[in-house]
S.K.: 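Before I ask anything, let me first share the structure, which is written out below as structure tokens.
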Amino acid sequence: MLSSNIKVRFAPSPTGYLHIGGARTALFNWLFARHNKGIFLLRIEDTDQQRSTEEATQAILDSMKWLGLDWDEGPNFQSQRLSIYKQHAEKLVALGKAFYDTDEEGRKAIRFKMQDGATEINDLVHGTITFDASLIEDFVILKADGFPTYNFACVVDDAEMEITHIIRGDDHISNTPKQIALYNAFGFKMPEFAHIPMILGEDGSRLSKRHGATSVTEYRDKGYLPHALVNFLALLGWSPGNDQEIISIQEMIEKFTLKRVNKTSAQFNNTKLDWMNGQYIKNTPVEHLTTEVKVFFEKAGIDLTKISAAWLSSLVTLYHERFKTFQDLLNQTRFFFTDTIEYDQAAVDKFLKKEGIGELLKEVHSAISLIENFDKKHLEDSLRALTTRVGVGFSKLAQPMRVAITGKSISAGIFETMELLGKERTLYSLDYSTKHLCEKSETIKSTAL
RNA sequence: GCCCCCAUCGUCUAGUGGCCCAGGAUGUCAGGUUCUCAGCCUGAAGACAGGGGUUCAAAUCCCCUUGGGGGUACCA
């Protein structure tokens, strides 16, 4: 399978969940590896003893798996390679390229001696970037606790693990001259660098918790499809070169090149993600969706023990083009699963508290209680006939019925909804509404009498 | 402060000197379909940050300004 010697890595630090910026970096590395039939390595950079946690590591692995970003090597943990870094740091000291340094607090660390001069980065997406090395201070490579610093561990590992292309966020551009200096000090083979643009929050500032959902797991829990998220993320900073928006993973792999990665940071846009997720849902077969819905609903506490697979499948079919996420579907269909309907007050006021509505709903009740086969067709025949008989437009009947039965003024087709709800529940809701919600008409009627 | 990166519709982007009085998507608005909403279909509005150059010709090249982002840690 491996026909190239290309090797890349994704190296997150386990100080929090995998956020979408990190996921996008992982994705580009993965895509690059798959496109070139190279190796994708996962390395956990847990050198910050204070902030690294095992839960974070697990969350990162789970997120990667969920997204389908499988790795060929690793995960490697830097915390398990301490002696390697120590050896390398001491080697640099022996070479006179690093030195022991004690700060005011008495902590003894090893610092790297920066050489003056110009450092050039030949970046695959930015082109040549030049730094003045004299502006960079001698930096710590081995901390007093024996742990390496990021810039040092990164270089030692990338060299030892034979990483050929370093694809990472462009917030690392300013680290690169330090790392290049380290590569040169060791005489390591220089890898290629590709700094990809960052993903910003919807207000254009750096992504943080105040932007709402920023972690991959949150999107999973809100009922997004992993492929939709991947597709959306891929288009943030990369494009296939044509007008295509919906791209399969296979096609992404075929078309992915660093050449088509742009330099400008991108603002995350939930609205477009929602649209894209909706597209993926529409393109996913009902059977598959039903399986996912079942899992999602159960996790959300919906009791499906008395619900048949066929019924759930019908529900998904009815809502197939109407929901954007599983959470969205749950919000829209909750009334199917509860004994007491939550009535939207505005909808009740607008459609039920009007003169004659109570009477009308009673007519509906008696008309459909006669129906033997309680399905869409019979319901429609019966109710269309009713409106003709009473002499009102169908929409004048549909809205009050909708509110009475679903609690809201918005729903899927009313006949299909009634059919799925079943005769008993439909009649009950109608009855309940006429008795408790259509007060105004009742009041008017009683005063008239 | 200093260093570095970036700059096309609100947002994601196409565009690598003439094919662009700038194309697509999303969102918005209008119309159509319709039992509501969504969906779908049709249409509209909407951008080359500003200023200088270079060139017969610039969104595309150069410079300056402005704006945004990143770095400047014994965080990664």
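Note on naming: letters A, B, ... go to the chains in the order of the sequence lines (proteins, then strands), and numbering restarts at 1 for each one.
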S.K.: When we call it a touch if two heavy atoms are under 4.0 Å apart, what does A:Glu245 touch: a base, just sugar-phosphate, or nothing?
M.R.: base
S.K.: Look through every strand shown and name the nucleotide pairing with B:C35 as Watson-Crick or G-U wobble, where both distances are under 3.5 Å.
M.R.: none
S.K.: For atom CD of A:Glu342, decide whether the heavy atoms of other residues, nucleotides or ligands shown that lie under 6.0 angstrom number more than 12.
M.R.: no
S.K.: Using a cut-off of strictly less than 4.0 Å, decide whether A:Asn262 has a side-chain nitrogen or oxygen near OP1 or OP2 of B:U13.
M.R.: yes
S.K.: Across the strands shown, which category fits A:Thr130 at heavy-atom distances under 4.0 angstrom: base, sugar-phosphate, nothing?
M.R.: sugar-phosphate
S.K.: Base, sugar-phosphate alone, or nothing: which one does A:Arg260 contact when heavy atoms must sit under 4.0 Å apart?
M.R.: sugar-phosphate
S.K.: To the side chain of A:His126, which of B:G24, B:C5, B:U36 is closest?
M.R.: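 Of all the options, the side chain of A:His126 is nearest to B:C5.
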S.K.: Measuring from the side chain of A:Gln267 (C-beta onward, heavy atoms only), which nucleotide among B:A76, B:C12, B:A14 has the closest atom?
M.R.: B:C12
S.K.: Just N and O in the side chain of A:Thr47: are any of them under 4.0 Å from OP1 or OP2 of B:A76?
M.R.: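 Affirmative; the distance criterion is met.
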S.K.: Does one side chain, of A:Asp157 or A:Tyr85, offer a donor that lies under 3.5 Å from an acceptor on the other?
M.R.: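 Result is yes, a qualifying pair exists.
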S.K.: Is there a donor on the side chain of A:Lys324 or the base of B:A38 sitting less than 3.5 Å from an acceptor on the other?
M.R.: no
S.K.: How far does the P atom of B:G67 sit from the matching atom of B:C40, given to the nearest Å?
M.R.: 42 Å
S.K.: If you only use heavy atoms from C-beta on, which nucleotide in B:A76, B:G69, B:C12 is closest to the side chain of A:Met198?
M.R.: B:G69
S.K.: Does atom CZ of A:Phe394 have more than 12 heavy-atom neighbours, drawn from other residues, nucleotides or ligands, at distances under 6.0 Å?
M.R.: yes
S.K.: What distance, rounded to whole Å, do you find between the two P atoms, one in B:C3 and one in B:C63?
M.R.: 16 Å
S.K.: OP1 or OP2 of B:C74 less than 4.0 angstrom from a side-chain nitrogen or oxygen of A:Arg111, does that happen here?
M.R.: yes
S.K.: May I have the distance from A:Ile247 (atom CD1) to B:C12 (atom P), rounded to whole angstrom?
M.R.: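 Distance, rounded to whole Å: 17 Å.
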S.K.: Between B:G24 and A:Gln244, counting only base atoms on the nucleotide and side-chain atoms on the residue, is there a donor-acceptor pair under 3.5 Å?
M.R.: no
S.K.: Go ahead and name the base partner of B:U26; Watson-Crick or wobble counts if both distances stay under 3.5 Å, otherwise write none.
M.R.: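 Paired with B:G10.
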S.K.: Name the nucleic acid region contacted by A:Asp145, choosing base, sugar-phosphate or nothing; use a 4.0 angstrom heavy-atom cut-off, strictly under.
M.R.: nothing
S.K.: Could you check whether any side-chain N or O of A:Asn76 sits under 3.5 Å from a backbone N or O of A:Arg43, counting only pairs where one atom can act as donor and the other as acceptor?
M.R.: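 No, because the side chain of A:Asn76 does not come within donor-acceptor range (under 3.5 Å) of the backbone of A:Arg43.
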S.K.: When you compare B:A30 with B:G68, how far apart are their C1' atoms, in angstrom units rounded to a whole number?
M.R.: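 The same atom, C1', in both gives a distance of 35 Å.
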S.K.: Using a heavy-atom cut-off of 4.0 Å across all strands, would you classify A:Ala412 as base, sugar-phosphate, or nothing?
M.R.: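 Contact class for A:Ala412: base.
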S.K.: Which nucleotide in the list B:G15, B:C6, B:U26 gets nearest to the side chain of A:Lys263?
M.R.: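 Nearest listed nucleotide: B:C6.
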S.K.: Determine the Euclidean distance between corresponding P atoms of B:U26 and B:U16; express it in Å to zero decimal places.
M.R.: 24 Å
S.K.: Of the options B:G15, B:G69, B:C4, whose atoms approach the side-chain atoms of A:Arg206 most closely?
M.R.: B:G69
S.K.: Between the base of B:A14 and the side chain of A:Asn242, is one N or O donor paired with an acceptor at under 3.5 angstrom?
M.R.: no
S.K.: Just checking A:Phe232 against A:Phe268, ring centres under 6.0 Å apart?
M.R.: yes
S.K.: Once hydrogens and angles are ignored, does a donor-acceptor distance under 3.5 Å link the base of B:C74 to the side chain of A:Asp103?
M.R.: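 Answer is yes: a donor-acceptor pair is held.
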S.K.: Would you say a side-chain N or O of A:Gln279 is under 4.0 Å from OP1 or OP2 of B:C40?
M.R.: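 True: A:Gln279 side-chain N/O within range (under 4.0 Å) of B:C40 OP1/OP2.
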S.K.: What's the closest nucleotide to the A:Phe394 side chain, out of B:A14, B:C4, B:C35?
M.R.: B:C35
S.K.: Among B:A14, B:C12, B:C4, which nucleotide sits nearest the side chain of A:Ser239?
M.R.: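 Between B:A14, B:C12, B:C4, the one nearest the side chain of A:Ser239 would be B:A14.
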S.K.: Check every strand shown and say whether A:His195 touches a base, only sugar-phosphate, or nothing at a heavy-atom separation below 4.0 Å.
M.R.: nothing
S.K.: Using atom P in both nucleotides, what's the gap between B:C29 and B:A76 to the nearest angstrom?
M.R.: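 The answer is 48 Å between these two P atoms.
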S.K.: Nearest to the side chain of A:Lys282, which nucleotide is it out of B:C74, B:G39, B:U8?
M.R.: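 Nearest nucleotide to the side chain: B:G39.
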S.K.: Using the P atom in both, what is the distance from B:G23 to B:G15, to the nearest Å?
M.R.: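 After rounding to an integer number of Å, I get 15 Å for this pair.
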S.K.: Reckon A:Arg384 has a side-chain N or O less than 4.0 Å from the OP1 or OP2 of B:C35?
M.R.: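 For B:C35, OP1 or OP2 has a side-chain N or O of A:Arg384 closer than 4.0 Å.
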S.K.: For nucleotides B:C9 and B:G51, find the distance between their P atoms and express it as a whole number of Å.
M.R.: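 Result for the P pair: 16 Å, nearest Å.
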S.K.: With a 4.0 Å cut-off on heavy atoms, is A:Gly393 in touch with a base, just the backbone sugar-phosphate, or nothing at all?
M.R.: nothing
S.K.: For nucleotides B:U42 and B:G27, find the distance between their P atoms and express it as a whole number of Å.
M.R.: 15 Å
S.K.: Does a side-chain N or O from A:Lys143 land closer than 4.0 Å to OP1 or OP2 of B:C75, or not?
M.R.: yes
S.K.: Pairs under 3.5 angstrom only: tabulate donor-acceptor contacts from the side chains of residues 15-28 of chain A to other protein residues two or more places apart or in another chain.
M.R.:
unit_1: A:His19; atom_1: ND1; unit_2: A:Gly21; atom_2: N; d: 3.1
unit_1: A:Arg24; atom_1: NH1; unit_2: A:Leu236; atom_2: O; d: 2.3
unit_1: A:Arg24; atom_1: NH2; unit_2: A:Pro197; atom_2: O; d: 2.1
unit_1: A:Thr25; atom_1: OG1; unit_2: A:Gly21; atom_2: O; d: 3.2

S.K.: Scan A:Thr271 against the nucleic acid and name what it touches under 4.0 Å (heavy atoms): base, sugar-phosphate only, or nothing.
M.R.: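 Sugar-phosphate, backbone atoms only, no base.
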S.K.: Classify A:Ala109 by what it touches in the nucleic acid, base, sugar-phosphate, or nothing, heavy-atom distance under 4.0 Å.
M.R.: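 Result for A:Ala109 = base.
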S.K.: Roughly how many Å is it from CZ in A:Phe268 to C1' in B:G68, rounded to a whole number?
M.R.: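 Distance check: A:Phe268 CZ to B:G68 C1' gives 20 Å.
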S.K.: Compute the ring centroids of A:Trp238 and A:Phe256, then answer whether they are less than 6.0 Å apart.
M.R.: yes
S.K.: Among B:A76, B:C35, B:G15, which is the nearest nucleotide to the side chain of A:Glu416?
M.R.: B:C35
S.K.: B:C4, B:G24, B:C74: which one has an atom nearest the side-chain heavy atoms of A:Ile129?
M.R.: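 From the listed options, B:C4 comes nearest.
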S.K.: Tell me whether the rings of A:Phe188 and A:His88 are parallel (<30°), tilted (30 to 60°) or perpendicular (>60°).
M.R.: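 Rings of A:Phe188 and A:His88: tilted, as their planes differ by 30° to 60°.
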